[in-house]
Trainee: 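I'd like to ask you about the structure that follows.
Each ligand, and each atom within it, is numbered from 1 in the order the structure gives.
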Amino acid sequence: MKRISLTQHLIEEQRLNNTIPAELRLLIEVVARACKTISHAVGKGALGEVMGTAETENVQGEVQKKLDIISNDILLEANEWGGHLAAMASEEMESIHPIPNRYPKGEYLLLFDPLDGSSNIDVNVSIGTIFSVLKAPEGMATPTEQDFLQPGTMQVAAGYAVYGPQTVLVLTTGNGVQCFTLDREMGSWVMTQNAAKIPAETKEFAINTSNARHWHAPVKRYIDELLAGKTGPRGKDYNMRWIASMVADVHRILTRGGVFMYPADARDPDKPGKLRLMYEANPMAFIVEQAGGIATDGKRRILDIQPEKLHQRVAVFLGSREEVERVTSYHGDAADSTLLSGK
Ligand code: AHM
Ligand code: MG
């Protein structure tokens with residue numbers, strides 16, 4: 001089998017489609033290199049002093065794990081000096097991180113969730129890194145949070161790395177979805193799938209059912225119908241999977257189809273769902289759409305949402321077209337649709 005490296009793919013993609021100028025290629029390669037370093041730290045486990053909590057809280061009020069902070073630092077340090085970025089933003093940092101004055105600045109903005117699925121670190125279950133790349137607005141002098149508040153349609157690249165039995169980097173630059181497996185001996189990313197496609201139909205769903213009592217009517221209705229199986233309105237039996245790492249759940253869906261949901265619920269009207277729009281939902285929605293799936297917040301296409309703040313949360317329904325369309329249509333039918341729109 002001819003091995004195509006990440007670098008070769010990026011160069012050929014630029015030659016063919018003119019979508020990856022040199023600076024963006026550098027950015028993607030630097031992020032990929034940082035993911036390699038994170039993968040190495042993850043793999044050390046208890047031998048590497050990377051487990052457990054750091055006894056600090058992030059801006060979302062969540063207790064940070066040591067690996068959250070280590071991964072954040074790895075991404076910051078790797079991306080500061082190359083001259084390809086104007087600023088970064090992360091789940092683990094309250095405000096944006098402009099490139100320090102001692103380094104040249106580029107025209108891109110990078111957002112990331114450095115270590116997604118943190119609750120799985122200590123139990124040796126798959127976790128990942130999610131990233132999204134935007135272009136800085138024309139004429140931007142000193143970057144501000146406002147410069148990041150662009151809808152997901154403006155992303156020029158997005159991806160994730162999943163740290164599981166294999167480490168896999170999944171990437172889109174708007175021309176399909178490519179997967180690269182980390183060759184651990186060689187230290188290189190090798191393309192193992194070109195043009196990943198999510199089947200339109202599925203018999204598998206992912207949702208944290210322990211929240212069922214808080215769900216709004218459309219989600220209850222949709223899940224009840226799935227659970228009713230062959231003799232219910234859907235006429236088939238469904239299977240359920242919930243890894244509690246969005247990266248790993250999305251990777252399964254990219255591989256064999258499925259629908260992933262983290263809805264808004266009745267607990268806290270100021271918290272529309274758990275996941276964050278700018279560095280979780282947007283990059284995943286870009287990837288899912290590029291693989292033929294869809295992604296909504298129950299009412300709207302996720303990529304069309306105009307962000308209002310950096311750490312904004314959003315309800316997420318993504319994956320196989322047929323299922324996401326159905327659960328989204330149920331929201332349209334709901335009497336009180338405002339509950340589900342993320343407002
Ligand atoms: P994190 O970024 O702090 O790790 O939180 C996001 C994670 C997602 O990866 C996952 O889908 C979800 O939280 C799991 O939530 P729950 O704790 O309800 O299972
Ligand atoms: Mg996360």
Side-chain angles (χ1 to χ4, degrees), residues 35 38 41-42 50-72 74-75 89-94 111-132 158-164 168 170 204-216 219 223 240-254 258-268 271-285 287-288 295 297-298 302 310-319 324 342:
C35 290
I38 296 170
V42 167
V50 296
M51 318 263 279
T53 71
E55 317 271 326
T56 48
E57 276 191 5
N58 66 12
V59 59
Q60 351 258 343
E62 299 158 342
V63 176
Q64 290 174 303
K65 303 275 187 181
K66 281 186 197 154
L67 212 50
D68 285 323
I69 296 175
I70 292 169
S71 307
N72 196 58
I74 289 171
L75 279 157
S90 160
E91 174 176 333
E92 302 304 333
M93 301 185 298
E94 180 158 10
L111 297 110
F112 46 81
D113 176 355
L115 216 282
D116 180 61
S118 313
S119 71
N120 281 326
I121 296 170
D122 292 353
V123 292
N124 199 7
V125 170
S126 295
I127 47 185
T129 297
I130 312 173
F131 66 95
S132 162
Y160 64 80
V162 55
Y163 314 116
V168 178
V170 173
E204 211 158 56
F205 69 98
I207 192 167
N208 183 346
T209 42
S210 71
N211 297 324
R213 68 193 179 286
H214 305 297
W215 291 340
H216 298 307
V219 177
I223 299 295
M240 198 202 85
R241 288 285 184 275
W242 184 252
I243 303 176
S245 292
M246 188 196 202
V247 166
D249 278 312
V250 169
H251 196 64
R252 184 190 58 255
I253 288 170
L254 193 72
V259 50
F260 170 92
M261 292 158 277
Y262 215 115
D265 64 36
R267 274 175 292 184
D268 182 352
K271 243 193 188 182
K274 176 180 184 187
L275 300 174
R276 275 60 47 124
L277 173 63
M278 299 220 57
Y279 39 80
E280 292 179 321
N282 268 343
M284 289 311 198
I287 291 166
V288 164
D297 72 344
I302 285 187
L310 195 57
H311 297 291
Q312 178 171 342
R313 293 176 195 260
V314 67
V316 174
F317 301 84
L318 61 77
V324 181

Trainee: Out of all atoms in ligand 1, which are within 4.0 Å of some heavy atom of A244? Include the element for each.
Mentor: 9 (O), 10 (C), 14 (C), 19 (O)

Trainee: Can a donor-acceptor pair be found, under 3.5 Å and without considering hydrogens, that links the side chain of R313 to the backbone of P272?
Mentor: no

Trainee: Taking ring-ring contact (aromatic ring centres under 6.0 Å, His included) as the definition, give me every residue that meets it alongside Y160, ordered by chain and number, with sequence neighbours left out.
Mentor: H251

Trainee: Run the numbers for me: atoms of ligand 1, each under 4.0 Å from some heavy atom of S245, listed by number.
Mentor: 9 (O)

Trainee: Tell me if the aromatic rings of F260 and W242 count as close, with their centers under 6.0 Å from one another.
Mentor: yes

Trainee: Near M246, which atoms of ligand 1 are under 4.0 Å from a heavy atom of that residue?
Mentor: 8 (C), 9 (O), 10 (C), 11 (O)

Trainee: Output the list of atoms in ligand 1 that are nearer than 4.0 Å to some heavy atom of E280, sorted by atom number.
Mentor: 2 (O), 6 (C)

Trainee: Got a donor-acceptor contact below 3.5 angstrom from the T129 side chain to the L115 backbone?
Mentor: no

Trainee: Measure the distances from the heavy atoms of G117 to every atom of ligand 1 and state whether one is below 4.0 angstrom.
Mentor: yes

Trainee: Specify side chain, backbone, both or neither for S118, according to which of its non-hydrogen atoms lie closer than 4.0 Å to ligand 1.
Mentor: both

Trainee: So for ligand 1, is F260 a polar contact partner (N or O within less than 3.5 Å, distance only)?
Mentor: no

Trainee: Output the list of atoms in ligand 1 that are nearer than 4.0 Å to some heavy atom of E91, sorted by atom number.
Mentor: 1 (P), 2 (O), 3 (O)

Trainee: Taking V247's backbone N and O only, do any of them form a donor-acceptor pair with S245's side chain (distance below 3.5 Å, no angle check)?
Mentor: no

Trainee: Short list, please: which atoms of ligand 1 are under 4.0 Å from a heavy atom of Y262?
Mentor: 15 (O), 16 (P), 18 (O)

Trainee: Closer than 4.0 angstrom, basic N to acidic O: yes or no for D68 and K65?
Mentor: no

Trainee: Could you tell me whether the side chain of H311 and the main chain of R276 form a donor-acceptor pair under 3.5 Å?
Mentor: no

Trainee: Between V247 and ligand 1, is there a nitrogen or oxygen pair with a distance under 3.5 Å?
Mentor: no

Trainee: Below 4.0 angstrom from a heavy atom of N208, which ligand 1 atoms are there? Numbered from 1 as shown, please.
Mentor: 16 (P), 18 (O), 19 (O)

Trainee: Side chain, backbone, both or neither: which applies to E92 and ligand 1 if a contact is any heavy-atom pair less than 4.0 Å apart?
Mentor: neither

Trainee: Report yes or no: does D116 contribute a side-chain atom to a donor-acceptor pair with the main-chain N or O of M246 at less than 3.5 Å?
Mentor: yes

Trainee: Please determine if D249 has a nitrogen or oxygen closer than 3.5 Å to a nitrogen or oxygen of ligand 1.
Mentor: no

